[in-house]
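Structure first, commentary second.
Just so you know, residue 1 is the first one in the sequence shown, and it goes up from there. Only heavy atoms go into these numbers, but all of them, side chains included; no hydrogens, no water, no symmetry mates. Remember, it's a predicted structure, so these values are computed and weren't measured experimentally.
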Amino acid sequence: SGEETGTGDGPEGDDNGDETGTVDGPEGDDNGDETGTANEPEEENDKVPNIHKMVEESTATQQVLAGAVFTVNLTIGLPDDIQDYGSFIITDVLDSRLNFEGTWDTVGINKEVLHFSQNGRTLTWSVDDFAALAGVDEFVINFQASINDTAGDADISNTAKIEFVDGTGNIGVKTSNTVSVASVTGSITLRKVDADTNAPLQGAVFVLKLGEETIGTKSTDAGGEITWTGLGVGTYTIEETEAPDGYRKLTAPIEVTLTNGNADASIVVPNRQSDWELPVTGGIGTVGYTVTGSVLMLIGILMYRRKRRA
């Protein structure tokens, strides 16, 4: 019938025959039962290096305010025979709109195992001590970067890579997934209102500064508003240089801090009319106070003299 059942080095039969057999299979049990499956080769070290990239421990696009510092995470998967490798170099080339902040660390290994170098925007970590990596499955490199003021509003994407020579002399390259940061700019909106009626006040002039740098000077519109846009991370000061008619200028600057979590700030500045605060020393409004004080002092002196004579 063409059917053949047997055991041995391999099943044989005609082209139409069904075959069941064991090929170098496992020995049978005490009951004489045998199950035939081809032996799988001994597991070889087929694990190769790999690299996975994240920003702030996420592969999702991260919105980052210009000037703000963020963390890049490089997870490096190691082969079982890493101790036998001849070369292992991790490279991350930063986009021209990004700056390296000069700090990095590792998780899973001592950072002294790696040699770090920087050439412009090219960051390189090479393994100095392969023996120290024996038995390590993976480690993480974390480094800090920021978006510089050339970025504007844009998505910035890049990858990292591993270049290696394994224990048998094979040369290989592994490239990471692509990650992106979305460069965003911040804004500050100021609204000037009457403290009693909440009516908008037009014509107040404010200057915005970042440190000693003047960002811009603007006047409140009919809605009592000013908006500065295109701003980066930092603590800004807002000074009123001219008050609306009938109102006094603020006596102290306002501070506003922009961060990744507070990229767009809004403030309301209530203002009372010109008698809402004491006049500034040396201003014209001090005349009345000076005269009144002088009269009171003179009266006090006259009363003292009369009392002594009595």
| message | Go through it in stages, so that I can follow the logic: the residues are Thr189 and Ser266, the test is side-chain hydrogen bond (donor to acceptor under 3.5 Å, both in side chains), and I'd like the CA-CA distance, side-chain angles, deciding distance and then a yes or no. | response | CA-CA 5 Å; Thr189 298; Ser266 297; 4.6 Å; no
| Taking all atoms of both residues into account, what is the closest heavy-atom pair of Gly223 and Arg191, and its distance? | O-NE, 3.7 Å
| message | Please list all pairs meeting side chain to side chain donor-acceptor pair (under 3.5 Å) that have one or both residues in residues 215-224, counting only residues at least two apart or in different chains. | response | none
| Within the 6.0 Å centroid threshold, strictly below: Phe143 and Trp125 | yes
| task | Using atom types as modelled and distance alone, determine if a side-chain donor or acceptor of Ser58 lies under 3.5 Å from a backbone N or O of Ala60. | result | yes
| said: Show me the pairs that pass ring-ring contact (aromatic ring centres under 6.0 Å, His included) and involve residues 164-209, at least two apart or across chains. | reply: Tyr85-Phe164
| field | Ile226 reachable from Ile267 in the ILVMFWY side-chain graph, under 4.5 Å edges | value | yes
| Are Ile51 and Val113 co-members of a hydrophobic cluster defined by side-chain heavy atoms under 4.5 Å apart? | yes
| message | Test your reading of the model: is there a side-chain donor-acceptor pair from Gln144 to the backbone of Ser146, 3.5 Å cut-off? | response | no
| Ion pair check, Glu225 and Lys192, cut-off under 4.0 Å | no
| request: Decide yes or no on ring-ring contact (aromatic ring centres under 6.0 Å, His included) for Phe100 and Phe70, but give the supporting numbers first. | output: CA-CA 10 Å; Phe100 175 55; Phe70 59 92; over 10 Å; no
| request: Decide whether Ile89 and Val48 are clustered together by the hydrophobic rule: side chain heavy atoms of Ile, Leu, Val, Met, Phe, Trp, Tyr closer than 4.5 Å, transitively. | output: no
| Backbone N or O of Thr122 within a donor-acceptor pair of the Asn119 side chain at under 3.5 Å? | no
| task | Taking all heavy atoms of Ala154 and all of Arg97, pick out the closest pair and write down the distance. | result | CB-NH1, 3.7 Å
| said: Strictly distance-based, threshold 3.5 Å: is any side-chain N or O of Asp81 a donor or acceptor partner for the main-chain N or O of Asp84? | reply: no
| remark: Taking every heavy atom of Thr168 against every heavy atom of Asn170, the minimum-distance pair comes out as OG1-ND2, 2.9 Å
| Any side-chain heavy-atom pair from Val55 and Thr71 closer than 4.5 angstrom? | no
| message | Would you say that Val140 contacts Leu74 through its side chain, given a criterion of any heavy-atom pair below 4.5 Å between the two side chains? | response | no
| field | Close side-chain approach of Asp194 and Tyr247, heavy atoms under 4.5 Å | value | yes
| said: Pairing donors with acceptors under 3.5 angstrom, does anything connect the side chains of Thr178 and Thr159? | reply: no
| Is there a donor-acceptor pair closer than 3.5 Å between any side-chain N or O of Glu240 and the backbone N or O of Leu250? | yes
| Are Ile141 and Leu114 side-chain neighbours, meaning at least one heavy-atom pair lies under 4.5 Å? | yes
| query | If you look at every heavy atom in Gly216 and Trp228, which pair is closest and at what distance? | reply | O-NE1, 3.5 Å
| Looking at CD of Glu138 and CD1 of Ile109, how far apart are the two atoms once the value is rounded to the nearest 0.5 Å? | 11.5 Å
| query | Is any NZ, NE, NH1 or NH2 atom of the basic residue among Asp196 and Arg272 found under 4.0 Å from an Asp or Glu carboxylate oxygen of the other? | reply | yes
| task | Say whether, by atom type as modelled, one donor and one acceptor occur between the side chain of Asn158 and the main chain of Val93 under 3.5 angstrom. | result | yes
| Hydrophobic cluster membership, Val269 vs Ile215, 4.5 Å side-chain cutoff | yes
| message | So, taking the atom named CD in Gln63 and the one named CD in Glu56, what distance separates them when rounded to the nearest 0.5 Å? | response | 13.5 Å
| request: Take Val64 and Asn260 through the side chain to side chain contact (heavy atoms under 4.5 Å, CB included) test and state the conclusion after the steps. | output: CA-CA 6 Å; Val64 180; Asn260 272 341; 4.0 Å; yes
| message | Once rounded to the nearest 0.5 Å, what's the spacing between atom OG of Ser187 and atom CG of Leu258? | response | 7.5 Å
| message | Any side-chain to backbone donor/acceptor pair from Asn148 onto Ser96? Under 3.5 Å, distance only. | response | yes
| request: Rounded to the nearest 0.5 Å, what's the gap from CD1 on Ile90 to OG on Ser126? Could you check? | output: 8.5 Å
| query | Do you know the tightest heavy-atom contact between Asp155 and Ala182? | reply | OD1-CB, 3.2 Å
| said: Heavy-atom count check: over 12 atoms from other residues, nucleotides or ligands less than 6.0 Å from Asp245 CG? | reply: no
| Ile156 backbone acceptor or donor facing Asp95 side chain under 3.5 Å | no
| task | Using distance alone, with no hydrogens and no angle criterion, decide if Arg121 and Asn99 have a side-chain donor and acceptor under 3.5 Å apart. | result | yes
| Say you draw a straight line from NZ of Lys249 to OG1 of Thr241; how long is it, rounded to the nearest 0.5 Å? | 7.0 Å
| said: Any non-hydrogen side-chain atom of Phe88 less than 4.5 Å from a side-chain atom of Ile76? | reply: yes
| Between Lys53 and Asp92, is there a side-chain N and carboxylate O pair less than 4.0 Å apart? | yes
| field | Derivation and outcome, side chain to side chain contact (heavy atoms under 4.5 Å, CB included), residues Asn142 and Thr106 | value | CA-CA 6 Å; Asn142 298 311; Thr106 55; over 6 Å; no
| message | Do Val127 and Val136 sit in one hydrophobic cluster, given that two such residues count as connected whenever their side-chain heavy atoms are within less than 4.5 Å of each other, even indirectly? | response | yes
| Is it true that atom CD of Gln118 has more than 12 heavy atoms of other residues, nucleotides or ligands lying nearer than 6.0 Å? | yes
| field | Val181 and Thr61, any side-chain heavy atoms less than 4.5 Å apart | value | no
| task | Search all heavy atoms of Ile162 against all heavy atoms of Asn50 and return the closest pair with its distance. | result | CD1-O, 3.5 Å
Show the atom names and distances, to 0.1 Å, of all donor-acceptor pairs under 3.5 Å that link a side chain in residues 229-239 to residues at least two apart or in another chain.
residue : atom : partner : partner atom : Å
Thr235  : OG1  : Thr257  : OG1          : 2.9
Tyr236  : OH   : Gly232  : N            : 3.2
Tyr236  : OH   : Gly232  : O            : 2.8

